Structures are given as structure tokens and as C-alpha cells.
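As C-alpha cells, the structure follows; a few thoughts come after it.
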Amino acid sequence: MTMPDSAPSNFIQDLITEDIKTGKYEGRVHTRFPPEPNGYLHIGHAKSICLNFGIAKKFTGLCNLRFDDTNPTKEEVEYVESIREDVRWMGFDWEDRMYFASDYFEQMYQYAVQLIKAGKAYVCDLTADEIRQYRGTLTAPGKESLYRNRSVEESLNLFERMRAGEFPDGSRTLRARIDMSSGNINMRDPVMYRILHAEHHRTGTKWCIYPMYDYAHCISDSIEGITHSICTLEFEDHRPLYDWFLDQLDIYHPRQIEFARLNLSYTIMSKRKFIQLVDGGHVRGWDDPRMPTISGLRRRGYTPEAIRNLCERIGVAKRDSVVDMALLEYCIREDLNKKARRVMAVLKPLKVVIINYPEGTTEELDAINNPEDPGMGMRKVPFSRVLYIEREDFREAPPKQFFRLAPGREVRLRYAYYITCVNVVKDTDGEITELHCTYDPATRGGDSPDGRKVKATLHWVSAAQAVEAEVRLYDYLFLNPDPEEVEEGKDFRFGINPNSLETLTTCKLEPALADATPGERYQFERTGYFCVDTDSSMEKPVFNRIVTLKDTWAKIEKGRKEERS
RNA sequence: UGGGGAGUCGUCCAACGGCAGGACGGCAGACUCUGGAUCUGCUUAUAGGGGUUCGAAUCCUCUCUCCCCAGCCA
């Protein structure tokens, strides 16, 4: 795994460096990645993963994987499995340090008893509704619960019986006794434990009371000897509570540091909305290649290297920000440019007959597998009288700056010959069905001995040997860079891109692709990077377009279209 | 109108009292058997007003704007 030392520093590293200098935590650095196993990880989590594991590595410290599983009604083993897989795939190793907050339930219970004894916590019989009313508002202080001053003995007794299962869900809570008039609502006697007669994916039915995040998280960090507990901005005003519990308990006290979560243009990053996309049939599942989930990106063909690189490039700060999707695309192109084998594939085929090429003849031409890496070698590509080229590569009436094939024009077929279009064949509807071209035998391999130049080089596939395939072209899931920005009264689904998936079923691939296996990535020359989908089979290969190549001509055309409208 | 945060190129991140810099994007150009890659150049920013200072993005002050918080979710 590479995490170059050139990785730019950030304010968190600065704080840690300072802590090391002053001898806080004896110079140790120990972080954790603490997902709740209630859904699949997305690229926003990737930022946190890279940050936490990256910092540990940079300071030769450790990073734990810890599941924050304090809410049995939402959490499932299925998610812990997928999270483990995703973190591992991202290239990080927690070694033997995979923990669960639920591992610490007994200790948390004991600490809670301790807080009750110290008069710092009490059992409250208010209903959820009453608690809400008593909490006050953003501008008005709260009211103290009438149970706030009940005796330590009574609270102790009640808390014990809560654990024993004597009370129904929601009937009582354990609350911290802090300050109902605090400007910080989190400090208005927050709930520490609630009664939940629910089966937990790890502890089964052992518990019917479960700790709340604020109480569980700081204690988990403390138990694991975490030095720097890195979380997102919305927890900033929970920090006083984090500190309060640890101070009251007088136990080892990590430092919480908050950073801005990742947002990406043209996509969303919320579990709730992912579910709406999946349930609404807008995507095919959590691992749909259009989803910003790690599993979606993986299926799409993104590499861990590219995602890690993105995380490094975007930096870490406290300001809310939206990273341009173009940067993610840059990262995957950069990675795949070095690694992906080049191959020819015609997505939207147009038949070409080389009328002066002998019938029934096939020859093998040499092609380079990766011009960026000569070590990847060469391959043979069959050439014959009938070929396919890309429909887009021919224009009967070529516009200005269109260099590709047109009537009477000569272009190069990559690694093959120069050809000239001599005739356009159409059907009764006027649709072009095939092209007749002549080739120049002297240009075999793609160079002309007389030194004449052509302005375009086209990719092509020999018809007789072509492999048929399905190719899925993806576009952004949303039309607007900010999916939240929709018409008054409409929700984010109104902005879904209806054309985020285009399925092509008649694609022609060069025979080298016949035995491509799921997960393999290729560059289809001139069109983009593609990855063999998990739906793929020998009978019917399926490819996902990971990202297009930069396309100057497409940009020119797009510019013209916009000028006209 | 309570509390907590944040404001630097279009976007993201630097600059920690001393020439506002990098990356992506965009725009030009060079090169090219991928209109790819590569290379070169250009473009554009310190929210606003006061103050301190030889010197302010940075320190002080006032104002403005944006984000988060009223789950027995995390």
C-alpha cells in the first residue's frame, strides 16, 4: 500500500505533531475508524478511512477498526461483513484490532453505576415526548425532570432493574445530570441508556438496555487507548459531552478532533437517500456502478489506488466543501493510464468493407498493449475484408474540425492500413448501413512509406473474429452538481439523471477480450476505461464504462451545440 | 433571537506577521499511429469596514454570509 510521504500535511497532523512534542499520550498515536454497521460504506467513509489509517501510518502508530454497534434495531452482521471487506479492499489493515463497542457493554454499565453513585446520572421516568418538551428549544432553556433529584439508591435500584428487563421499551432512561439550561443542547441531561428489548447481532438477548452514542463512543475510545478520536464536524458540539463523561469517570482521555466530511458534486452521500434510490428502482442496488458506495465504485471498476489518491488530493479541513467529481475522474484516469491494457472495441458498430482487400484472407497485425508500459508487451489483432468502425467516426458531411472518416477522405486504421472511403451504402430509410473503402497495401502496420499524413486514426474490429458484448455506459446520477438544488416543493429525486445508464448490446470487441474475467480493467482505445462486470459470462461478456477518456472532439461539439441553443 | 463552527482562484487545499502557491477544471499552443498520454503557457481568489504594524490572508475589532445542533439515531 502506498501513502506517499509527499502527502500534504493538514491541521489534524499539526495538532498531533504538537501533542507528540509536548509529550501528551507519551508520543503515541492511535486512531480508529468507527463505522456503525447499519449500511454500506461510501466514498465519504473512504476519506475517514484514509485519514485515520493514514495518520496512524504516518506517525508509526496504530488504527483500530471498531464497529459502533450500540443500536441493535439498525445493525446487522451483513453490514459488518461488507464493511470489513471494503476497508480491506481500500488497502488498510487493522491487524488483530477489530473491536465492537458491544465488547464494552459490561464496562460501560459499571461506569454508569459509578456515575449514578457520584450523583452524576439518574434514572428518569419521563416519556420520550416529555423529555423532548423538557429539553427546551434552541433559544429557550430546558426544564429539569422531576426525577432528577431522586435518590442515588433509587436510581441504582431502577437501573439494575432496567438491565434485568423489568421495564418495557421506552419506559425509563438513564440520564446524565448536567445542565438543563446549557446553551449546548447536548448537555441538557442527555440520555445515556435506553431500554430496547431487541436482539443484538453480537450480544444476542444478553442486554435490553443499550448505551447512546455520546456515552459509548468516548468510553470505547478510552478503553482502546485511542489518542486522537477523529470525527466529522457535526460532532463538534458533542465534544463537551465527550469530555464530560471521561472527566467525571476520571479515566484515560483521548482528544476528539473534527473535520469536514467529503461531499462530491453530482452525487449524494446519505444512507437514507441511497435507500430511496435503491427502493425507487433508480439504481439496481447498493453496488450499482453509479452509486458512490465503495462497493459501487469497485464494481464500476475504480481502483483503491485512485480512491486513496483522491483522498490525499482533497486535503483535510474544517470548512464545508464540495469536491468536483472531475477530480475523482482524473484520479482513476491517472491510475488506469499506467496500468490498463489497451484494446480495441467498437461500441456502436458501422460495417466497413475494404473492397480491394482479398476475400477470405485474414492477417495478424501487431498491436501495443500499453504505450505507457512497454513491459506489457504486444499482441496480434486479426484484420480482414469486413470490419467494424465506430459509427461516430464517420460523417457524410463532416463539420469543421472533424478529422475522421468522410466520403473521399483517407484515415488510418490503428496498427493496420490507411483506408479511403469511396462509397456510402444506405437502406431505404436513408440510414447508412455500410461503407465501402479502399486500403493502401503499402501502409501495412499504419505507416505510409511516402510520408503522407492522415489526420485521424480510428479503432476497428475485424467482423469475422469479433466478440459480441454488452457495454454499460454510465453518466452522473444527477443532472445538477448539487442534487439538493431542485425546484421548490420537489425532493432530490426530481433531479435524477434519466440517462445515467445507457446499455449497448451490439458491441464488437477484438478477440483478445474473449476470456476477460470480472474485475479486469481495460482501456478501449479512444473511448474510455472499462471493467468486466460481475454479470459477465463467456456467452455474454458485460463491461462497465469506468470513465471516458478525455475527448477533445466531444468538447468541441458540445461547445457548438451550446452556442446554437 | 441560544450554543458550536467556517469564510483564500470556478472547485479543493496551502501559506502559521515578510513575494498569496499547488492540484483539478477552463482556455491557448507543442507533440502524437488513441482528438488518449505527455509537455508548455495563460486565466482567476484573501467576505466587508475599521484598527495594530515598517509590513496583515494571518493579530485586534465591528459587521455580513454560510453550515451544524431541539433522536430514547450515529
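Per chain, numbering begins at 1; letters A, B, ... match sequence-line order. Source: prediction; values computed, not measured.
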Any N or O donor-acceptor pair linking the side chain of A/R132 to the base of B/rG71 at under 3.5 Å?
no

Heavy atoms under 4.0 Å, any strand shown: does A/K455 hit a base, just sugar-phosphate, or nothing?
nothing

For atom CG of A/D324 and atom P of B/rC13, their distance in whole Å
13 Å

Taking any heavy-atom pair under 4.0 Å as a contact, classify A/E372: base, sugar-phosphate, or nothing.
base

Base, sugar-phosphate, or nothing: which does A/L336 touch, judged by heavy atoms less than 4.0 Å apart?
nothing

Nearest whole angstrom, please: distance from the C1' of B/rC68 to the CG of A/N184.
11 Å

In whole angstroms, how far is the C1' atom of B/rG36 from the CG atom of A/N370?
11 Å

Checking all strands, does A/R333 fall into the base, sugar-phosphate, or nothing category for heavy-atom contacts under 4.0 angstrom?
nothing

Please confirm whether the shortest side-chain N or O distance from A/R526 to OP1 or OP2 of B/rG35 is below 4.0 Å.
yes

Using a 4.0 Å heavy-atom cut-off, does A/Y330 contact any base of the nucleic acid, only the sugar-phosphate backbone, or nothing at all?
sugar-phosphate

Within the pair A/T73 and B/rC73, is there a side-chain N or O less than 4.0 Å away from OP1 or OP2?
no

Since syn is defined as within 90° of 0, does B/rG21 count as syn or as anti?
anti

Determine: side-chain N/O of A/T552 to OP1/OP2 of B/rG36, distance under 4.0 Å, yes or no.
yes

Establish, with yes or no, whether the OP1 or OP2 oxygen of B/rC72 is under 4.0 angstrom from a side-chain nitrogen or oxygen of A/R135.
yes

OP1 or OP2 of B/rG36 less than 4.0 angstrom from a side-chain nitrogen or oxygen of A/R414, does that happen here?
no

Give me the distance, rounded to whole Å, that separates B/rU61 from B/rC54 when you measure between the C1' atoms they each carry.
22 Å

Taking B/rU53 as the reference, what is the distance to B/rG26 when you measure between their P atoms (whole Å, please)?
48 Å

Using the P atom as the point on both nucleotides, what is the distance between B/rC39 and B/rA74, in whole Å?
49 Å

Across the strands shown, which category fits A/M344 at heavy-atom distances under 4.0 angstrom: base, sugar-phosphate, nothing?
nothing

To the nearest angstrom, the NZ-C1' distance between A/K550 and B/rC27 comes to 12 Å

Could you tell me the separation between the CZ atom of A/F11 and the P atom of B/rG7, rounded to a whole number of Å?
10 Å

Round to a whole Å and report the spacing from CZ of A/R32 to P of B/rA74.
15 Å

Taking for A/A260 and for A/Q401 the nucleotide of RNA chain B with the nearest heavy atom, the one nearer the 5' end belongs to A/A260

Please classify the nucleic acid contact of A/Y215 as base, sugar-phosphate, or nothing, using heavy-atom distances under 4.0 Å.
nothing

For A/I314, answer base if it contacts any base atom (sugar-phosphate contacts may also be present), sugar-phosphate if it contacts only those atoms, and nothing otherwise; contact means non-hydrogen atoms under 4.0 Å.
sugar-phosphate

Looking across every strand, which nucleic acid part, if any, lies under 4.0 Å from A/F235 by heavy atom: base, sugar-phosphate, or nothing?
base

So what does A/A128 hit on the nucleic acid, given a heavy-atom distance under 4.0 Å: a base, only sugar-phosphate, or nothing?
base

Let me know the distance between OH of A/Y242 and P of B/rA74, rounded to the nearest Å.
16 Å

Give A/H238 one of three labels, base, sugar-phosphate or nothing, depending on what nucleic acid heavy atoms sit under 4.0 Å from its own.
base

Could you check whether A/E329 gets within reach of a base, just the sugar-phosphate, or nothing at all, counting any heavy atom under 4.0 Å?
nothing

Parallel, tilted or perpendicular, judged at 30° and 60°: which one describes the rings of A/Y439 and A/Y417?
perpendicular

Between A/T139 and B/rG3, is there a side-chain N or O to OP1/OP2 distance below 4.0 Å?
no

Does the ring center of A/F530 lie less than 6.0 Å from the ring center of A/F543?
no

Using the P atom in both, what is the distance from B/rG49 to B/rC9, to the nearest Å?
16 Å

Heavy-atom closest pair (A/R313 atom, A/E334 atom, distance to 0.1 Å) is NH2-OE2, 3.3 Å

Closest nucleotide of RNA chain B for A/I195 versus for A/R239: which of these residues is on the 5' side?
A/R239

For B/rA74, does either OP1 or OP2 sit under 4.0 Å from a side-chain N or O belonging to A/K271?
no

Using whole Å, what does the distance between atom C1' of nucleotide B/rG25 and atom CG of A/D551 come to?
16 Å

Separation between the P atoms of B/rG48 and B/rG7, rounded to whole Å
14 Å

For B/rU52, the Watson-Crick or wobble partner whose two distances fall under 3.5 Å
none

Side chain to side chain contact (heavy atoms under 4.5 Å, CB included), that's the test. Do A/E329 and A/R333 meet it? Break it down for me.
CA-CA 6 Å; A/E329 294 179 341; A/R333 285 193 189 106; 4.0 Å; yes

Does B/rC12 have a Watson-Crick or wobble mate here (both distances under 3.5 Å), and if so which one?
B/rG22

Rounded to whole angstrom, note down the P distance from B/rU46 over to B/rG10.
9 Å

A/R148 vs A/R177, test: side chain to side chain contact (heavy atoms under 4.5 Å, CB included). Steps then yes/no.
CA-CA 7 Å; A/R148 194 175 205 261; A/R177 189 190 166 100; 3.8 Å; yes

Indicate, with a heavy-atom threshold strictly under 4.0 Å, whether A/P141 touches base, sugar-phosphate, or nothing.
nothing

Rounded distance in Å between the P positions of B/rC19 and B/rG25
29 Å

Please work out if A/V316 contacts a base, only the sugar-phosphate, or nothing of the nucleic acid, heavy-atom cut-off 4.0 Å.
sugar-phosphate

